[in-house]
Amino acid sequence: MEFKNADNLGMTSAAPALPLTWLNRFARLGPAFATPCAPTPLPEAHWVAVNHRLAADLGWPTHWQQTEGLLDVLTGNRPWAEHASLASVYSGHQFGVWAGQLGDGRALWLGELDTPLGPLELQLKGAGQTPYSRMGDGRAVLRSSIREFLCSEAMHGLGIPTTRALALTGSKGRVIRETLETAAVVTRVAPSFLRFGHFEHFAALNQPEALRQLADFVCASQWMDVPDAEAHHGNAYAALLQAVVDRTADLIAHWQAVGFCHGVMNTDNMSILGLTIDYGPFQFLDGYDPQHICNHSDSQGRYAFQRQPQVAYWNLFCLGQAFMPLVNDSDLILKVLESYTQRFSNSLLERMRAKLGLTQPQTTDASLVEDICKLLASERTDHTIFWRRLSHAAKDLENAQAKALQPVTDLFLDRQRWQDLALRLQARWAAEPAGTGARMLQHNPKMVLRNHLGEQAIRQAQAGDFSEVQTLLKLLSSPFDEHPGYDAYADFPPAWASSISISCSS
Ligand code: AMP
Ligand code: MG
């Protein structure tokens with residue numbers, strides 16, 4: 001299939017009539033940072049899924065997806081009239097090795113909008129080749145796009161920082177992967193798509209002025225609270241690095257607490273805002289296995305679940321290295337980077353306390369959490385089901401229900417070991433104010449995007465039925481709710497789930 005460039009099609013480029021106010025601050029950074037690039041059209045575009053909740057939050061009207069021309073714009077079949085779309089340049093470390101220049105090989109920046117949620121950038125993923133596509137076709141397949149669309153919204157529903165997904169469009173256009181697949185385009189939304197790799201790029205090119213421009217841009221953007229420079233010897237760039245360290249530590253604590261494995265934590269997939277970004281072979285753990293590797297291509301297990309905190313630290317050191325020309329003080333950089341360890345463990349403990357419904361910290365909480373995780377690991381207990389059942393059990397105990405703990409006990413073979421833990425838990429809960437179970441139910445989701453759920457939605461979508469994508473979107477957007485009638489989505493994975501193999505190919 002040959003794809004024509006939108007510029008050559010003589011298509012109308014009138015802007016879809018939506019109430020939009022463009023800010024486009026990133027575009028003003030200049031040509032060193034991004035190259036104007038038109039999307040490449042796809043034949044027979046159609047909607048696969050739309051995110052009404054996000055559209056409403058953006059202040060868009062109810063039937064926004066029926067806006068004349070919007071389907072074409074969000075598939076890359078015609079440019080958005082006001083301004084050029086852009087592909088940005090970045091570099092990065094992939095699997096621990098410097099990979100040099102990468103860049104938006106299949107992502108196009110459509111612009112930045114002023115919205116009720118604050119300034120947000122729109123990006124198309126899979127809308128064709130860019131100057132940074134290297135050997136790639138600039139495309140994304142339906143399979144991986146459904147996973148990205150659903151998981152971004154699942155993460156958001158869980159309260160985990162992430163890029164969002166507004167829409168998913170499909171096409172009959174063919175894309176070659178291991179087999180022939182169909183193309184799709186995800187409209188991603190985030191305050192910024194800047195990555196560690198954007199900074200590494202200009203540091204590696206020895207362009208300190210560009211590096212400074214980028215850092216100043218982030219500082220001025222008000223995307224995140226940058227700590228007072230005074231606390232960092234008056235060094236604003238050390239303060240910025242501190243903000244990234246803090247956000248990254250908090251993000252990884254979220255991942256570890258919910259059992260999310262990203263799969264490709266290369267520095268080009270690390271958001272400078274501490275968002276989960278670039279959904280590829282990710283997986284929510286079924287059975288709790290700290291050594292789990294979700295990326296079929298990760299033969300060494302570099303990005304195994306339990307290695308994620310350490311990998312994030314390693315990635316922050318790459319960013320710290322890139323910040324050297326800005327901060328000009330290696331001791332200060334080291335001090336900032338080293339704060340990650342404490343921030344991460346505090347943040348994780350805070351998350352685990354919340355999962356246990358604990359509001360009054362005690363020094364023994366860490367060992368309680370550790371012993372629970374050890375038991376889960378030794379039995380490969382289903383992570384999501386354990387925590388959800390435990391939440392219900394805590395609630396039932398408060399209501400003096402007999403056998404409140406039985407559904408949790410049923411999950412274990414080593415009953416004695418669990419019962420010893422259960423006694424410790426009950427003693428711990430006794431020191432807490434009422435409402436432990438209700439608190440836990442707000443921190444332990446019923447619904448996560450298990451691989452097999454995504455797979456079922458993908459298979460149906462590949463057969464032309466997109467209803468399952470929309471059902472999952474609904475369930476995953478409010479994962480702490482009970483969703484009566486949908487219990488099957490919160491059940492143990494079927495036997496075939498363990499044979500699902502997900503690689504980087506997307
Ligand atoms: P990823 O592993 O998806 O984070 O991608 C790493 C790099 O490869 C980024 O620069 C991507 O833009 C680029 N890339 C991945 N897939 C494609 C593709 N199909 N076409 C062009 N570039 C791609
Ligand atoms: Mg990437």
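Numbers for residues simply follow the sequence, beginning at 1. Start at 1 and go down the list; that is how both ligands and their atoms are numbered.
Listing protein N, O or S atoms at distances below 2.8 Å from the Mg ion (ligand 2), with waters left out, gives Asn269 OD1, Asp278 OD2.
Relative orientation of the Trp255 and His262 rings is parallel, given thresholds of 30° and 60° on the angle between their planes. Aromatic ring pairs are classed by plane angle as parallel below 30°, tilted from 30° to 60° and perpendicular above 60°; the pair Trp47 and Trp64 is perpendicular. Between Phe260 and Phe282, the ring planes are parallel. Angles under 30° get that label, and only those over 60° would be called perpendicular. Below 30°, between 30° and 60°, or above 60°: for Trp387 and His383 the angle between ring planes is above 60°, a perpendicular geometry.
When hydrogens are left out, the protein atom nearest atom 11 (C) of ligand 1 is Gly103 O, 4.0 Å; that is the closest non-hydrogen contact. Nearest to atom 19 (N) of ligand 1 among the protein's heavy atoms is Asp137 OD1, 3.0 Å. The single protein non-hydrogen atom nearest to atom 5 (O) of ligand 1 is Asp268 OD2, 4.6 Å, given as residue, atom name and distance. Nearest to atom 2 (O) of ligand 1 among the protein's heavy atoms is Asn269 ND2, 4.4 Å. Annotation: atom 21 (C) of ligand 1 to nearest protein heavy atom, Gly105 O, 3.2 Å. Closest protein heavy atom to atom 20 (N) of ligand 1: Gly138 N, 2.8 Å.
In Gln65, the CD atom is crowded: over 12 heavy atoms of neighbouring residues, nucleotides or ligands sit closer than 6.0 Å.
Ligand 1 has a nitrogen or oxygen under 3.5 angstrom from a nitrogen or oxygen of Arg139.
Close approach to Leu102 involves these atoms of ligand 1, each under 4.0 Å from a residue heavy atom: 10 (O). Those atoms of ligand 1 that come under 4.0 Å of a heavy atom in Asp278, given as number and element, are 4 (O). The ligand atoms of ligand 1 that sit less than 4.0 angstrom from a heavy atom of Arg177 are 19 (N).
Taking each heavy atom of Ala497 and His452 in turn, the nearest pair found is CB-CB, 3.8 Å.
For the residue pair Thr35 and Tyr132, a side-chain donor N or O sits within less than 3.5 Å of a side-chain acceptor on the partner. In the model, Asn51 has a side-chain atom that pairs as donor or acceptor with a side-chain atom of Glu153 under 3.5 Å.
Residue contacts with ligand 1 for Tyr132 are absent, since no atom lies close enough (heavy atoms, distance under 4.0 Å). With a 4.0 Å heavy-atom cut-off, ligand 1 is reached by no atom of Arg195.
How far CD1 of Ile252 is from CZ of Arg247: 13.5 Å, rounded to the nearest 0.5 Å. Note that CZ of Phe196 and CE of Met265 are 8.5 Å apart. Values are rounded to the nearest 0.5 Å.
Annotation: side chain of Gln291 is in contact with side chain of Gln306 (closest heavy-atom distance under 4.5 Å).
Comparing heavy-atom distances from atom 13 (C) of ligand 1 across Gln129, Gln94, Arg106, Arg134 singles out Arg134 as nearest.
Between Asp382 and Arg450, at least one side-chain nitrogen of the basic residue sits less than 4.0 Å from a carboxylate oxygen of the acidic one, meeting the salt-bridge criterion.
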